[in-house]
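Scroll down for the structure; my scribbles are underneath it.
The analysis underlying the following values was restricted to heavy atoms, covering all of them including side chains, and did not include hydrogens, waters or symmetry mates. Proteins come first, then strands; the chains are lettered A, B, ... in the order of their sequence lines, and each starts at number 1. Quantities reported herein were computed from a predicted structural model and do not represent experimental measurements.
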Protein chains: 2
Amino acid sequence: MSESGKPARTVVDAASASARILDAAESLFYREGTRAVGVDAVVKQAGVNKMSLYRQFSSKDELLRQYLKRREAMFWGYFDGSVGQHPDDAAAALRQYFSDVTARATRDGYRGCPFVNVAAEYPEPDHFARRFVAEHKRQLLARLTALAAAAGARDPAALARALALLIEGLYTASQTYGTDSPVMAAVPQVADLLIAQALGRDPA
Amino acid sequence: MSESGKPARTVVDAASASARILDAAESLFYREGTRAVGVDAVVKQAGVNKMSLYRQFSSKDELLRQYLKRREAMFWGYFDGSVGQHPDDAAAALRQYFSDVTARATRDGYRGCPFVNVAAEYPEPDHFARRFVAEHKRQLLARLTALAAAAGARDPAALARALALLIEGLYTASQTYGTDSPVMAAVPQVADLLIAQALGRDPA
DNA sequence: TGTTGGTGTTACCGATCGGTAACATCGGCT
DNA sequence: AGCCGATGTTACCGATCGGTAACACCAACA
């Protein structure tokens with residue numbers, strides 16, 4: 001549109017630039033991996049300049065930190081959205097979560113748990129991203145244990161550990177066996193079985 | 001030791017150079033990731049020159065292919081070593097495998113399933129490494145199904161899917177919850193439970 | 001009107017990536 | 001002895017990595 005040779009400069013205020021950068025980083029980091037995606041790809045997708053990124057985020061590591069925090073919030077939003085449907089029935093809440101997470105993880109293009117992927121990308125166990133993941137999983141196990149206790153499991157910690165393994169298995173199987181594998185479809189049944197067994201009942 | 005300024009040239013024949021390169025690549029790729037490790041790191045660890053690598057392997061992708069093939073052979077060596085201990089009792093063979101793989105995966109420094117890690121590193125589902133992983137897991141599921149059938153499971157495919165999920169969960173939990181987590185220690189119990197339930201018996 | 005602070009743009013930095021050309025040097029062979 | 005093929009070494013290629021300096025520009029405010 002501009003007749004001059006000047007490069008169509010578009011001005012974006014800092015707040016919205018920051019949001020656009022985070023949106024771009026989140027989708028790119030999740031879909032392609034945090035190490036594989038460079039800052040140039042992020043700024044291109046966000047439609048901002050590289051200097052705009054480095055004026056909002058001190059480094060790519062800081063961007064990774066924000067990405068992890070957003071994904072953590074998203075995870076607990078999903079989690080609470082599932083278990084909140086059954087405030088008076090912890091067993092049903094657990095089953096609901098497994099049903100919902102399986103539905104999400106079997107969607108085409110699903111790229112697995114972002115925390116699992118990050119753990120795979122950074123070998124050093126004391127890297128801040130690995131610490132973040134470990135802390136997140138610790139909290140998840142605690143929530144599962146509390147729900148298992150509320151459901152009246154004979155050994156809440158044991159049920160929580162079994163369900164934690166199932167969740168990690170679901171995440172990984174989506175990438176190794178494929179989102180459309182029968183292995184994925186089996187998740188809710190296995191969850192039902194583990195829960196029923198821990199409650200001392202025969203599964204249906 | 002040499003008094004001249006020349007750089008201590010050491011000659012290695014092609015066959016042993018190839019083996020040393022593969023050894024170095026295998027440990028580095030497994031411990032630090034196939035994308036994170038460059039060919040320079042591989043040749044340095046192998047103690048050979050970069051040109052020696054490229055005269056044996058056409059590209060880094062070819063090196064990755066050989067790495068995957070070696071890891072596949074290693075996996076089936078472990079697997080057959082476990083199930084082979086109970087040629088007349090498929091249920092015991094399955095339990096043995098879960099006991100052994102848990103022992104390996106809880107060792108300090110364990111870095112998870114190499115195929116899972118590769119799947120996490122390459123986002124494109126049709127990348128040759130992803131195809132390799134998918135084929136490997138397909139074969140694993142087939143072996144599990146055959147063992148479940150031999151054990152007399154009411155629904156061999158269902159038991160195999162549940163055990164496949166447990167295996168993926170074990171691999172991933174070792175990296176997210178940590179090799180020393182109680183979650184890892186719970187794997188054999190969960191396997192016993194799934195097997196016993198599928199056989200129609202009460203678990204001990 | 002002039003100044004000032006934040007924004008966009010360009011160009012660049014050193015490091016590392018996968019990969020290669022050219023040449024020195026060696027061992028085995030005739 | 002003389003040759004030749006395979007190996008070791010150096011130096012380099014273009015591309016990309018994360019990150020930055022310098023400057024053009026614009027808006028709000030005095």
Please step through side-chain contact (heavy atoms from CB on, under 4.5 Å) for the pair Gln85(B) and Asp100(B), ending with a clear verdict. CA-CA 11 Å; Gln85(B) 294 178 31; Asp100(B) 292 346; 4.0 Å; yes
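Atoms CG (Asn49(B)) and C1' (dG8(D)) sit 6 Å apart, rounded to a whole Å. Rounded to whole Å, atom C1' of dT10(C) lies 17 Å from atom OH of Tyr54(A). With rounding to whole Å, Lys44(A) atom NZ is found 19 Å from dG8(C) atom P. In this structure, Lys60(B) places its NZ atom 14 Å from C1' of dT16(D), rounding to the nearest Å. Atom CD1 of Ile21(A) is separated from atom C1' of dT7(C) by 12 Å (rounded to the nearest Å).
In this pair, Trp76(A) and Phe79(A) present their aromatic rings perpendicular. The plane angle is above 60°, beyond the 30 to 60° band.
Here the side chain of Arg55(B) is nearest to one of dT7(D), dT10(C), dT20(C), namely dT7(D).
Looking only at distances, no side-chain donor or acceptor of Arg161(B) sits under 3.5 Å from a matching main-chain atom of Ala186(A).
Taking the ring centre of Tyr177(A) as origin, the terminal cationic atom of Arg138(B) falls outside the region bounded by 6.0 Å and 45° from the ring axis. For the pair Arg104(A) and Tyr110(A), the cation-pi test (distance below 6.0 Å, angle within 45°) is failed. A cation-pi arrangement is absent between Arg65(A) and Phe132(A) under the rule of less than 6.0 angstrom and at most 45 degrees off the ring axis.
There is a side-chain donor-acceptor pair under 3.5 Å between Thr34(B) and Tyr122(B).
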Identify each atom pair where a protein N or O and an N or O of nucleotides 12-14 of chain D are less than 3.5 Å apart, giving names and distance.
none

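At dG8(D), one or more side-chain N or O atoms of Ser52(B) fall inside 4.0 Å of OP1 or OP2 (strictly under the cut-off).
Residues from residues 25-43 of chain A that place a heavy atom under 4.0 Å from any atom of DNA chain C: there are none.
Atom CG in Leu193(A) sits 4.0 Å away from atom CD in Gln197(B) (nearest 0.5 Å).
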